[in-house]
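Hydrogens, waters and symmetry mates play no part in the numbers below; they use all other heavy atoms, side chains included. Below, read A as the first sequence line, B as the second, and so on, with proteins coming before strands; counting in each chain starts at 1.
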Amino acid sequence: MRGSPMPDHSAARSFPVLPSQIDLPATEHEVLKRWSERKIFERSLEQSQGNPNWVFYEGPPTANGQPGVHHVEARVFKDVFPRFKTMRGYHVDRKAGWDCHGLPVEVAVEKELGLSGKKDIEEFGVAEFNAHCRESVLRNVGAFTAMTERMGYWVNMDEAYRTMDPEYVESVWWALKTIWDKGLLVRDYRISPYCPRCGTTLSDHELAQGYETVTDPSVYVRFPVTSGPLAGPERPTSLLVWTTTPWTLVSNTAVAVHPDVAYVVATDGAERLLVAEPLVSAALGEGWTLTGERFEGSEMERWTYQRPFELVAFDEPAHFIVLADYVTVEDGTGLVHQSPAFGADDMTVCRAYGLPVVNPVRADGTFEGGLDLVGGTFFKTADSALVEDLRARGLLLRNQPYEHSYPHCWRCHTPLLYYALPSWYIKTTAIKDELLEQNARTNWFPENVKEGRYGEWLRNNIDWALSRSRYWGTPLPVWVCPEEHYTVVGSLQELGGLAGRDLSTLDPHRPHVDDVAFDCPHCGGRAERVPEVIDVWFDSGAMPFAQWGAPHRNNEAFEATFPGQYICEAIDQTRGWFYSMMAVSTLVFGHSSYENVVCLGHILAEDGRKMSKHLGNVLEPMDVMERHGADALRWFMVASGSPWMPRRVGHEALEEIVRKVLLTYYNTASFFTLYAGAGGAWSHGRLAEAPAPQDRPLLDRWLLSELNRVVKGVGEALDRFDTAGAGRLLTTFVDDLSNWYVRRSRRRFWAGADTPEGNSAFATLFEALESLTLVMAPLVPFITDHVWAALRRPEAPESVHLAHWPQAREDLVDTELSEQMALTRRLVELGRAARVDSGVRTRQPLSRVLVGAAGFARLPEQLRDQIAEELNVQELDPLSAVDGDLVEHTVKPNFRALGKRFAKRTPLVAEAIGAADARALVEQVRSTGWAHIEVEGEPVEISSDEVLISEQPREGWAVAAESGETVALDLEITPELQRAGLARELVRLIQDARKSGGLEISDRIDLWWSAEDPVTARALHEHERTIAGEVLAVSVTEGAPQGDAHSTTSEDFGVTVHLRKAA
RNA sequence: GGGCGUAUAGCUCAGUCGGUUAGAGCGCAUCCCUGAUAAGGAUGAGGCCCCAGGUUCAAGUCCUGGUACGCCCA
């Protein structure tokens, strides 16, 4: 019977009530307001001042276009770990940053202004154009800022670094000068897709838009061998070379072969040609036989040959065979003509051999004027004259049209040229070993990126093509005089010194910086800045020092925060920011800038495709957060699926998170405040009076055990950057807490805190909610802080984000109890299944349940009581106590255990176990722990661990069994049981009447009843006190009331009840 | 073309050291419980664990080779 009164809303409360209904987005706005008014973020930084630093570097988002949900992903991870580490006692500075420069910004501004191409921009004016770029960046920063605040990403945006700020640019200049001084900044050629009509290079994105299918000549050409074993007049041999761009033969520089491919000599009786073995028939057709001469590509290195055209001069040695892995035997001849000015692969290979870059084609796409045969001709139209000339000189074997896809300018449809343009490089290949060493010391999450995608990229490192012929970027700080003396400038002050005037307030962007010229320190000639700006990846890779403006200013701040402990971005940054961060710092300081890097998979739309406006599947982050709340979106990002993998986000997934995780957690807290707060039933002061944990009921001890396991596990998971693991632990615990602990403890909460059991329940639930709130706080900072505000002890910090991570009490972790409770819950499930099968509802008490399960014998009384209560049975007995004839035994082999001992004989032993007499075997195992069986005539002893025993009553019972565990219900319903069941039905009936009568849960009632059914009447008399207690009746009267009352009649039970709120 | 990753129920995903009855949630159907109730529980239907080989007493799990998809790079 219920001892204490129900919660009384009018009495003094020890806890504010968390209403059972909550509007999560609205609550989040309140929390945001409190954070801002009470300066919680600022205070969390102040209060950790002086603690060890844990340094996080913000990878600056490109403030180009509006933020999408995919931006939320990385930003959640950037928030979770700093919050976690702060709670762990570190000082975690969080400086925001914005990536401001780059082509995407330029393209967006071009569109806005209706410009198209570099000519338009220059006519419009670079100064004005760049002003628009700056304005566009600032506009988009606003949208990012709003989203960042709304999602609860704590980052200092007031002191954000911006890659376009003069101090930032100066730091970048300093880094470039340092690299120059080390001899690693060089000018060289770079192959770019280039439109000769527009006079501009195209980005990859532009390139992708312009592929067209065209027919080009494809020619097979003889290159006579002039050195090596196949040279000489007695058996003249030619390399057979295939190309679809005859015009590039003018500048032929080398021939590439694959080192591991075999090349053979074929003859038609008249001449001898060298071709890759797998391509002989494809390239030559009928009528050719092999001479038997055969060479590995690697043997042919540096054999010389006669080049096809002598139209341009070569000042350095060239025209020999080189080795290249990219050569294929898919088509052609396996011998690939090399012209480094017109192909990226050619350029890489030829540069490795120190070959010259000869380029006879001018920027307008025509050959140089003075050349024979092709002078002044547009490159593409030179093909026919060249092919004719080859034919005339007997060098052409075959010419056939070849259809393929070739890139064209998306603006003017001119065929593009892959064209060598002078470009600035950083010789990262020179520090490749250092980069590999730095990578070896870096922790990657997930781990496979380290040696996989990223390691592969480092091992195949190529020099960093740094310069861009664009406008809105960090200008390359290189000045050159007519004598080609280069001067690299590391700061505005230095530039001012060279120019002889104060330039400290100069905007270090184009065109202003282009206007500064000075006398060359070497020769006194006029030095002008080179026209290029730099790759934006260098900007962002410089952020560890450039965000402070170091070393020109704030150098102490930089040194105190280098290297960083943690960076995090999506997987596409492997060769982007992750690389530039490691490369820039290794170039400048000889050390990578980060220790741990988290690498996230992409966020996809619900249909599994990328979100794009075009497909109409975009989720706008602010809308999502206003609908489901930022916490739901955050939880999705950190705990749904695996963050390392691509994931689909949609409303359904978020709704489920709200229901299963956030509301379940919140409702538990709400339940607690309702009962603890009522009339001051329980307050923090009572914690001291609560029984010591080991003296509490087993249910409480179990919860504390699970709690401390979870606290420890979540801390360890987050230390490993494993948010999904932390999420799984928390989800399970929230479910355990709400749907087992609270449900099984409800009566103790109703009873109040005045008994040791009651106080123990309140204390246990409080401790669980307190710790749970703390460990969930980094993941879902809003709802936890809201709950914290209601629950916190008076002496605790006002925000959960100012609190410390809880210490896991490992001494309270009781593995055996966990297992026993798991068994208890499995048995309850089986019992419920048995009830469903039998059709006897749970409200009907039953006399007895039989349980067959290993471990049941050791199950403590308190846990058996849980089973009995939950299943509504009066008695719980072991199946083994029942007369053996009524029980059927089955024995199954435990392969895991048997395999260890019997290895190859396992199947035989298993078979023998199955064949043995189950009942006899069970009896042996039960009495001695061992059983004898025969395997192929030999006696074998089997231990109890090596078999799985299950037992079932033969008949007359409602049985459910799984994995060797059995629950059997005795279905005999005696008249006493029937009346007890009726009493429960009547309680239910009256409770319904209370509810429909609009009574408060704590209202007392007067109750009248009249029963036609004599059984019901007897049940009412017999169980009157119980019923009265359950429904809060202060009086129970047989008969009808005077005056108004709320009435209900049940045909099923032949009863009418009337109730009225008691005076 | 190369590198890396992924593939398990209609959907989203777990699956530890290889152990013979592969799980959860959602959705669907049927039912139960209910003063935490916009919740909870039970039952059911639904599986070529992508395919083919191999290793092993034993493979969703380890190895090899394919196929499909994704990302990055050419």
Side-chain angles (χ1 to χ4, degrees), chain A residues 6-7 18 20-22 204 325-326 328 330 344-345 348 446 448-449 451-457 459-460 462 570-576 601-602 604 606 608-610 636 640-642 644-650 652-653 655-660 663-664 666-675 724-725 728 731-732 735 738-740 742-743 746 749-750 828-837 839-843 870 872 892-900 902-910 948 960 962-964 984 988 991-992 994-995 999-1003 1030-1032:
Chain A
M6 292 291 287
L18 291 168
S20 63
Q21 305 293 312
I22 183 173
D204 291 346
D325 287 330
Y326 86 89
T328 70
E330 298 287 304
D345 288 326
T348 310
N448 60 52
V449 181
E451 295 305 332
R453 184 178 286 218
Y454 187 74
E456 202 60 32
W457 160 247
R459 283 189 289 278
N460 297 320
I462 51 168
I571 184 81
D572 54 300
Q573 296 297 329
T574 1
R575 295 171 182 205
H602 284 130
L604 305 174
E606 211 156 15
R609 294 190 284 185
K610 266 192 201 174
F636 176 86
S640 223
S642 168
W644 325 131
M645 294 208 282
R647 290 173 297 165
R648 303 176 181 198
V649 64
E652 264 186 42
E655 277 161 15
E656 189 183 330
I657 288 165
V658 168
R659 277 210 325 274
K660 300 295 287 189
L663 287 185
T664 308
Y666 175 80
N667 280 334
T668 309
S670 162
F671 173 91
F672 174 81
T673 61
L674 181 65
Y675 286 97
R728 275 194 293 274
T731 312
T732 310
D735 187 64
S738 167
N739 291 325
W740 186 250
V742 171
R743 195 158 57 82
R746 253 182 305 199
F749 291 110
W750 290 339
V828 166
E829 276 181 27
L830 287 170
R832 285 202 280 245
R835 273 204 179 251
V836 170
D837 279 350
V840 179
R841 47 178 46 174
T842 310
R843 269 198 297 270
E870 192 69 17
N872 196 18
K892 286 189 174 176
N894 178 358
F895 280 91
R896 188 189 281 259
L898 290 172
K900 273 184 197 151
F902 295 103
K904 286 199 181 189
R905 290 170 66 210
T906 306
L908 296 172
V909 179
L948 301 168
E962 198 175 289
S963 307
R984 291 265 303 238
R988 161 100 187 98
Q991 297 286 33
D992 255 0
R994 283 181 58 110
K995 213 173 184 179
L999 290 154
E1000 295 292 322
I1001 57 169
S1002 55
D1003 288 340
E1030 290 290 325
V1031 304
L1032 302 184

> Does a side-chain heavy-atom distance below 4.5 Å link A:Asp572 with A:His602?
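Yes; the side chains approach each other to less than 4.5 Å.
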> May I have the distance from A:Gln573 (atom CD) to B:C72 (atom C1'), rounded to whole angstrom?
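It is 12 Å, rounded to the nearest whole Å.
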> Can you check the A:Glu870 CD to B:C33 P distance for me, whole Å?
14 Å
> Find the distance A:Arg575:CZ to B:C4:P and express it as a whole number of Å.
11 Å
> Measuring only the P atom in each nucleotide, how far is B:G23 from B:C63? A whole number of Å is fine.
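It comes out at 25 Å once rounded to the nearest Å.
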> Starting at atom CD1 of A:Ile462, determine the distance to atom C1' of B:G2, rounded to an integer number of angstrom.
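It is 14 Å, rounded to the nearest whole Å.
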> Pick the closest RNA chain B nucleotide for A:Ala344 and for A:Gly452 by heavy atoms, then say which residue is nearer the 5' end.
A:Gly452
> Short question: side chain of A:Arg988, backbone of A:Arg984 - any donor-acceptor pair under 3.5 Å?
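Between the backbone of A:Arg984 and the side chain of A:Arg988 there is no qualifying donor-acceptor contact (under 3.5 Å).
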> The side chain of A:Asp345 lies closest to which of these nucleotides: B:A74, B:G5, B:C57?
B:A74
> Counting only side-chain heavy atoms from C-beta out, which of B:G19, B:G40, B:A36 sits nearest to A:Phe671?
B:A36
> Can you tell me which nucleotide in B:U6, B:A36, B:U20 comes closest to the side chain of A:Met645?
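From the listed options, B:U6 comes nearest.
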> For A:Lys904 and B:G18, what is the distance between atoms NZ and P respectively, to the nearest whole Å?
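Taking NZ of A:Lys904 and P of B:G18, I get 19 Å after rounding.
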> Using the C1' atom on both, measure B:C26 against B:C62 and round to a whole Å.
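The answer is 33 Å between these two C1' atoms.
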> Counting side-chain heavy atoms from CB outward, which of B:C4, B:A14, B:G19 is closest to A:Asn448?
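So the nucleotide nearest the side chain must be B:C4.
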> Are any of A:Arg896's side-chain N or O atoms less than 4.0 Å away from OP1 or OP2 of B:G19?
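Yes, within the criterion.
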> Could A:Glu656 and A:Arg659 be called an ion pair, given the rule that one side-chain N must be under 4.0 Å from one carboxylate O?
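Not counted as a salt bridge, because no side-chain N and carboxylate O are separated by less than 4.0 Å.
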> Can you measure A:Arg988 atom CZ to B:C32 atom P for me and round it to whole angstrom units?
11 Å
> Report the stems of RNA chain B as range-with-range entries sorted by first number; a stem here is at least three consecutive pairs, Watson-Crick or G-U wobble, both distances under 3.5 Å, and write none if there are none.
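Stems for RNA chain B, defined as runs of 3 or more consecutive pairs: B:1-7 with B:67-73, B:10-13 with B:23-26, B:28-32 with B:40-44, B:50-54 with B:62-66.
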> Between the base of B:A36 and the side chain of A:Ser738, is one N or O donor paired with an acceptor at under 3.5 angstrom?
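Between B:A36 and A:Ser738, which were checked side chain against base, a qualifying N/O pair under 3.5 Å is present.
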> For atom P, what is the distance between B:A52 and B:U67, given to the nearest Å?
15 Å
> Measuring only the P atom in each nucleotide, how far is B:C50 from B:U6? A whole number of Å is fine.
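Going atom to atom, P in each nucleotide, I get 13 Å.
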> Tell me whether the side-chain N/O atoms of A:Arg453 come closer than 4.0 Å to OP1 or OP2 in B:C71.
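So the side-chain polar atoms of A:Arg453 never come under 4.0 Å of the phosphate oxygens OP1 or OP2 of B:C71.
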> State, yes or no, whether a side-chain contact exists between A:Thr731 and A:Thr664 at a heavy-atom distance under 4.5 Å.
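Counting from C-beta outward, A:Thr731 and A:Thr664 never come under 4.5 Å.
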> Using a cut-off of under 3.5 Å, enumerate the N/O to N/O pairs linking the protein to nucleotides 24-28 of chain B.
| residue | atom | partner | partner atom | Å |
| --- | --- | --- | --- | --- |
| B:G25 | O2' | A:Glu656 | OE2 | 2.1 |

> How about A:Thr574 and A:Trp457: do any of their side-chain heavy atoms sit closer than 4.5 Å?
no
> Distance check, P atoms only: B:U8 and B:C69, in whole angstrom units.
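Taking atom P in both B:U8 and B:C69, they lie 15 Å apart.
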> With a distance cut-off below 6.0 Å to the six-membered ring centre and an angular limit of 45° from the axis, does A:Arg647 pair with A:Phe636 as a cation-pi contact?
yes
> Quickly work out the A:Trp457 CH2 to B:C72 P distance and round it to whole Å.
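Going from A:Trp457 (CH2) to B:C72 (P), I get 13 Å.
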> From CZ of A:Arg459 over to P of B:C73, roughly how many Å is that when rounded to an integer?
18 Å
> Does A:Trp644 or A:Thr668 map to a spot on RNA chain B nearer the 5' end, using the closest nucleotide for each?
A:Trp644
> Where the side chain of A:Thr673 meets the backbone of A:Leu18, is there a donor-acceptor pair that is under 3.5 Å apart?
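Checking the backbone N and O of A:Leu18 against the side chain of A:Thr673, a donor-acceptor pair under 3.5 Å is found.
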> Which value, in whole Å, describes the distance between the C1' atoms of nucleotides B:A59 and B:G18?
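Taking atom C1' in both B:A59 and B:G18, they lie 6 Å apart.
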> Please state the C1' separation for the pair B:A14 and B:C32 - nearest whole angstrom.
28 Å
> Considering only the C1' atoms, how many Å lie between B:G15 and B:U21, rounded to the nearest integer?
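The same atom, C1', in both gives a distance of 15 Å.
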> Please walk me through it: do A:Ile22 and A:Asn667 pass side-chain contact (heavy atoms from CB on, under 4.5 Å)?
CA-CA 9 Å; A:Ile22 183 173; A:Asn667 280 334; over 6 Å; no
